[in-house]
Undergrad: 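First, the structure itself, so that you have it in front of you.
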Amino acid sequence: MFENKNETHYERRLTPPESYLFRAPFSIVTLVARIKGKVTHEALQDAVKKVQKRHINLRTRIRDDENHDSWLTTENVEDIPVTRIQRESDDHWIREMHRSSKEPFEFNARPAIRFILLQSPIVSELLILCHHTICDGLSLAYLVRDIMTHLGDPEREVEILPAPTPISKENLPKGLGLNRIFRFFVNRINRKWVKERVDFTQNDYLDLNKAYWANYTRKVIPIELSEDQTTELVMRCKTEGTTVNSALTSAFTGALQSTVPTKPKLSKTAIAGNLRERLESSPGEAMGFYAGALTLDLPYYGGKGFWENARALNKRVQPLYTNKELFKEGLNWCYLEPSILEAFNYKLLGDLVPEEAEGYTRIYGFSQRDDIISSLLKRNDMETRDDLLMGVAITNLTRMPFPRQYGPLELDRLYMYPGGAFPMSSILIVVGVVTCSGKLSMVIEYAEETISASDVEAIKNKAMQFLFE
């Protein structure tokens, strides 16, 4: 951070984990807040300006330097889009999320976030779509609470958070690092990339984003539990000796494996974990990417009852919530040259870019080239974008201990879509879960090109049957 007499100037290079997500068309985290009471466009704009002061990532854009390295900077940053649309129905937010997800972010001009207010006099939805490079699911949950706080009390002073330290090899938990042998191989990969390096621009991202959304159809199914149903589920999990997260994971893995048993890698499952308090320097409630995941094989045993499966899953998973397991993937990334990770999605998706695109020759050529990036992808079972990596990826933010009332406004419910690090074709279903104001909400995302709507509906119904049988 650099300071002068008139303002604080903040600038740092994107870390490797951030670079892995940077300019990925599919890495968009979405949080939707259903608000009871009248929210005006002007009040929301004012609240957004206040939370910008609180969170440094909301005051930054991403610039490329003369070496084509990517930097967060607070210099010459344009405004965040805050749009108002007349609310049409309870599910209007789903259609708007589909539409807005396809819109590219202006990384080089403004913060990679947009706010959309679906407004009606009695109930409104606030949609926040933010690129994963600068946030995770918890970031947006805290952000909603901050916005609600300023909507409910417009005179409240802004509490500014310090700039958080990102995940990097310097900020890993004590005792975590690559051994000498692995570091040798990573250094060799970095040296080889210097000779092969290809850099990509904002215009290349525009071509890739357009091509991706022209080839994949995103679908979302929400599940809303009432307060009574949420309480019933929590109490049942306690009685059965498991956690809500393990029960939800078991319900969706079991439903998936029994509904579409012929699909490959159905039992491979990713369970997201919060890394914030594990880092050497914790970011607290600041915005940023601080998520990890356990990825493991979780077969569902049909001969046993659901709750027996849920207990077994919980017993297996709980000991794995360690720094070593949760940082396993991110640890390797931290030692790689960031531009290697930026190039991954151009290798995976570059062949989708049509010939008439401005960057076709370079992007398509890179996607077909046999090099260190293609070698790394093969090693991680990602030789092509259509290689199915897993059946389910689930992120549960758990219970957000937020107030329900903010002045005249009530925070009725939250919906969260966690975004992702892989194209939609790589995972059959992605499940986002959050509990707020006593109500648990889930969002199931899938691609029509990968799994049918009828199969996902059957998976949803089977999962709910498991949980409330």
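Everything quoted here is computed from the prediction, not taken from an experiment.
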Undergrad: Does the ring centre of Phe200 sit less than 6.0 Å away from the ring centre of Tyr205?
TA: no
Undergrad: Should the pair Asp412-Arg404 be classified as a salt bridge under the 4.0 Å nitrogen-to-oxygen rule?
TA: no
Undergrad: With a 4.5 Å cut-off on side-chain heavy atoms, are Val244 and Thr398 touching?
TA: no
Undergrad: Checking Ser100 side chain against Glu96 main chain: does a donor-acceptor pair fall under 3.5 Å?
TA: no
Undergrad: Name the residue from Arg218, Lys219, Lys460 that meets the salt bridge (Lys or Arg N to Asp or Glu O under 4.0 Å) definition with Glu445.
TA: Arg218
Undergrad: Report yes if the side chains of Leu117 and Val82 come closer than 4.5 Å at any heavy-atom pair, otherwise no.
TA: no
Undergrad: Please examine the side chains of Pro418 and Val430, heavy atoms only from C-beta on, and report whether any two atoms are closer than 4.5 Å.
TA: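 In short, these two side chains touch, coming nearer than 4.5 Å.
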Undergrad: Using ring centroids (six-membered ring only for Trp), state whether Trp93 and Tyr415 fall under 6.0 Å.
TA: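 Yes: the rings meet the under 6.0 Å criterion.
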Undergrad: Taking C-beta and beyond as the side chain, do Leu298 and Tyr300 meet within less than 4.5 Å on heavy atoms?
TA: no
Undergrad: Where the side chain of Thr269 meets the backbone of Ser267, is there a donor-acceptor pair that is under 3.5 Å apart?
TA: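 At least one qualifying donor-acceptor pair exists.
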Undergrad: Under 3.5 Å, side chain of Ser282 to main-chain N/O of Arg276, donor-acceptor pair present?
TA: yes
Undergrad: Is any side-chain heavy atom of Gln52 closer than 4.5 Å to one of Ile80?
TA: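 Side chain of Ile80 against side chain of Gln52, heavy atoms only: contact under 4.5 Å found.
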Undergrad: Check the side chains of Glu342 and Tyr20 for a donor-acceptor pair under 3.5 angstrom, ignoring hydrogens and angles.
TA: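 Note: Tyr20 and Glu342 side chains miss the donor-acceptor criterion.
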Undergrad: Do Asp381 and Lys265 come close enough that some side-chain heavy atom pair is under 4.5 Å?
TA: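 Asp381 vs Lys265: side chains touch.
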Undergrad: Taking Asp387 for its side chain and Met382 for its backbone only, find out whether a donor-acceptor pair lies under 3.5 Å.
TA: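 Absent.
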Undergrad: Verify whether one side chain among Glu11 and Thr73 offers a donor that lies under 3.5 Å from an acceptor in the other.
TA: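 Yes, a side-chain donor-acceptor pair sits under 3.5 Å.
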Undergrad: Is there a donor-acceptor pair closer than 3.5 Å between any side-chain N or O of Asp204 and the backbone N or O of Thr201?
TA: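 Yes.
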Undergrad: Closer than 3.5 angstrom, by distance alone: can the side chain of Arg413 be matched with the main-chain N or O of Ala33 as a donor-acceptor pair?
TA: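 No.
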Undergrad: Would Phe26 and Tyr212 count as a close aromatic pair, with their ring centres under 6.0 Å?
TA: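 So the answer is yes for these two rings.
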Undergrad: So, do Leu428 and Leu256 sit near enough that their side-chain heavy atoms are less than 4.5 Å apart?
TA: yes
